[in-house]
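A quick write-up on the structure given underneath.
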There are 2 protein chains.
Amino acid sequence: MAEPVFERLALVGAGLIGSSIARIARARGDIARVVVVNARTEKTLGRIAELGIADVCEIDPVRAVEGADCVVLCAPVGAYASLAAAIGPHLAPGAIITDVGSTKQSVIRDVGPHVPQGVHFVPGHPMAGTEFSGPDAGFSELFEGRWCLLTPPVGTDAAAVQRIKAFWERCGATVSIMDPEHHDRVVAIVSHLPHLIAFTICGTADDLADETRKEVLQFAASGFRDFTRIAASDPVMWRDVFLNNREALLEMLARFTEDAQAMARAVRWGDASYIEDKVMRGRKIRQALIDINQA
Amino acid sequence: MAEPVFERLALVGAGLIGSSIARIARARGDIARVVVVNARTEKTLGRIAELGIADVCEIDPVRAVEGADCVVLCAPVGAYASLAAAIGPHLAPGAIITDVGSTKQSVIRDVGPHVPQGVHFVPGHPMAGTEFSGPDAGFSELFEGRWCLLTPPVGTDAAAVQRIKAFWERCGATVSIMDPEHHDRVVAIVSHLPHLIAFTICGTADDLADETRKEVLQFAASGFRDFTRIAASDPVMWRDVFLNNREALLEMLARFTEDAQAMARAVRWGDASYIEDKVMRGRKIRQALIDINQA
């Protein structure tokens, strides 16, 4: 077996992502010699202990990160600022702090100032997830064949970036380096806006009169159902993502809304060729996805 | 084997739906003694002949419906008015004319006036489909476990409705009777609006600068991909659906847009509890679908 990437890995947060990393580390053995798991509640931490996927369970985030050569923030991004303020002074010299949040400019803004001299900061975003959450939702294949985007600030120690890359590769992911601002725009359109739309249409349907709502559920198979799957995701995580990628998300929503209004106008005025052209583009994009094996 | 529901069944249109009905009739034998398939192009009709799923292939819709005791319009709904005008005078006395269109008020508007005295008109909508189209896309399990909604005008012959009901049940569907206006509102929210949104967001993504677009495809897995599957559907069919369910679709889109703007405002002003509440509702609707086995 290869040498473990880390001596002591501290996972701060034990939901879908954190517990999946713990499971992988336990299964492989070459991620870290010791895995410390921290969770916000005794209930979650107790469940991690029951699952037997941590070497150490620690309810205090400060004690959890002490002596770790790698700390991974796996909490909702809205909790990062206070977590970083608490653990920052206790990070070991030479340690790497990284994260799994879906927004990257906000993480650099919230965590960056709390990273001491001599500690390396490598923000990351594994693009993997399901509509389920919590420690029981994790599984060791979660990252397989998925992308993990790293957005190290300029001047980040190259060796630290390489170690985080190796870590994610052993988790099954393919790693790509990206500028944080560019990252936030790309995920705004591929992930955050689709989720905002899915949450919204569920609310729109739920607001309909009682009888129609019942039938919405009954006949959901024809398109709506696919939106509800996306919409079943974790509320706190998504609340934080929206609030922490505000600029890019609002820009993409504004673009989308303009386009939807143009489509509405074409429907109202019977502009058949406009509508057909838009549907054709959807089809073309689907085909492009199939061509690059992403569909 | 049970007696066939019909003596001579004429399918006007041979795409995903029409060719699936033909396949089922061929496989079961208790749908009709003779299945006549009509298609708009020689190419499609030739393919039906090659597939061996029709007793008679007929390029002329008038000849196709002559002597049939059941005629099913399986073309895009925009073609119904001219098709009905052409075949109406040639429908056999006592025959039933039905259809598979996703809009029902427009079908009653376009087909109704061309139905002669003594011919029964039972509009129908099998809620089944895939993102594929054409005669090769059909398959005999397409309607299994799916709903078929019938919207017979007031005063329609009950025996004719019963025969169409039996027809769809043998195709594997569960039949429900619904008022046409109510039908159009329900499908506007469960199917037509989700499709309009999916087509639109594909266009929004496609309009982004070249580099971002490439990454949109590369990282599509996180939500966007589910939208592109919906968006891959047949352009002519969807163009016609949008134009023929205009009022209900525009109303649902207006409701959705209001809700999306309210969400945008909450994101802009950091209204965390509003966002969280909306995400919770999405989750609740998903749970309701799971509870009734529709997820």
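Proteins come first, then strands; the chains are lettered A, B, ... in the order of their sequence lines, and each starts at number 1. No hydrogens, no waters, no symmetry mates; every other heavy atom, side chains included, goes into these values.
By the 4.5 Å heavy-atom criterion applied to side chains, Phe219(A) and Val187(B) are not counted as neighbours. Using a 4.5 Å heavy-atom threshold, the side chains of Ile275(A) and Trp238(B) count as separate.
Put simply, the side chain of Arg283(B) gets close to the backbone of Ala232(A): a donor and an acceptor are under 3.5 Å apart. Judged purely by atom type and a 3.5 angstrom limit, Arg246(A) uses its side chain to pair as donor or acceptor with the backbone of Arg268(B).
Of the N and O atoms on the side chains of Ser191(B) and Arg225(A), not one donor lies less than 3.5 Å from an acceptor on the other residue.
From Phe242(B), atom CZ reaches atom NZ of Lys278(A) across 13.0 Å, with rounding to the nearest 0.5 Å. A distance of 6.5 Å separates CZ in Phe224(A) from CD1 in Ile189(B), rounded to the nearest 0.5 Å. Separation of atoms CD (Glu276(A)) and CE (Met237(B)) is listed at 13.0 Å; rounding is to 0.5 Å. Rounding to the nearest 0.5 Å gives a distance of 5.0 Å between CG of Leu217(A) and CD1 of Ile292(B). The CD1 atom of Ile230(B) lies 4.5 Å from the CG atom of Asp226(A); values are rounded to the nearest 0.5 Å.
When heavy atoms are compared at a cutoff of 4.5 Å, Ser102(B) does not approach chain A at all. Looking at Asp234(B), both its backbone and its side chain come within 4.5 Å of chain A, counting heavy atoms on both sides. In this structure, chain B has a heavy atom under 4.5 Å from the backbone of Ala266(A), while its side chain stays farther away. Looking at Arg213(B), neither its backbone nor its side chain comes within 4.5 Å of chain A, counting heavy atoms on both sides.
Closest approach of Ala272(B) to Leu243(A), counting heavy atoms only: CB-CD1, 3.8 Å. Shown here for Ala264(B) and Leu250(A), the closest heavy-atom pair between the two residues is O-CD2, 3.5 Å.
Taking 4.5 Å as the heavy-atom cut-off, the residues of residues 197-208 of chain A that approach chain B are Ile197(A), Phe199(A), Thr200(A), Ile201(A), Cys202(A), Gly203(A), Thr204(A), Ala205(A), Asp206(A), Asp207(A), Leu208(A), ordered by number. Contact annotation for residues 251-259 of chain A against chain B (heavy-atom separation below 4.5 Å, listed by residue number): Met252(A), Leu253(A), Arg255(A), Phe256(A), Thr257(A), Asp259(A).
Ranked by heavy-atom pairs under 4.5 Å with chain B, the list Gly78(A), Ala260(A), Pro235(A) is led by Pro235(A). Of the residues considered (Arg185(A), Met178(A), Glu131(A)), Met178(A) shows the highest number of contacts with chain B, using heavy-atom pairs under 4.5 Å. The most heavy-atom pairs under 4.5 Å with chain B, out of Gln287(A), Met263(A), Gln261(A), come from Met263(A).
Taking a 6.0 Å sphere around CD of Glu181(A), one finds it holds 12 or fewer heavy atoms contributed by other residues, nucleotides or ligands. The neighbour count for Arg265(A) CZ, taken as heavy atoms of other residues, nucleotides or ligands under 6.0 Å away, does not exceed 12.
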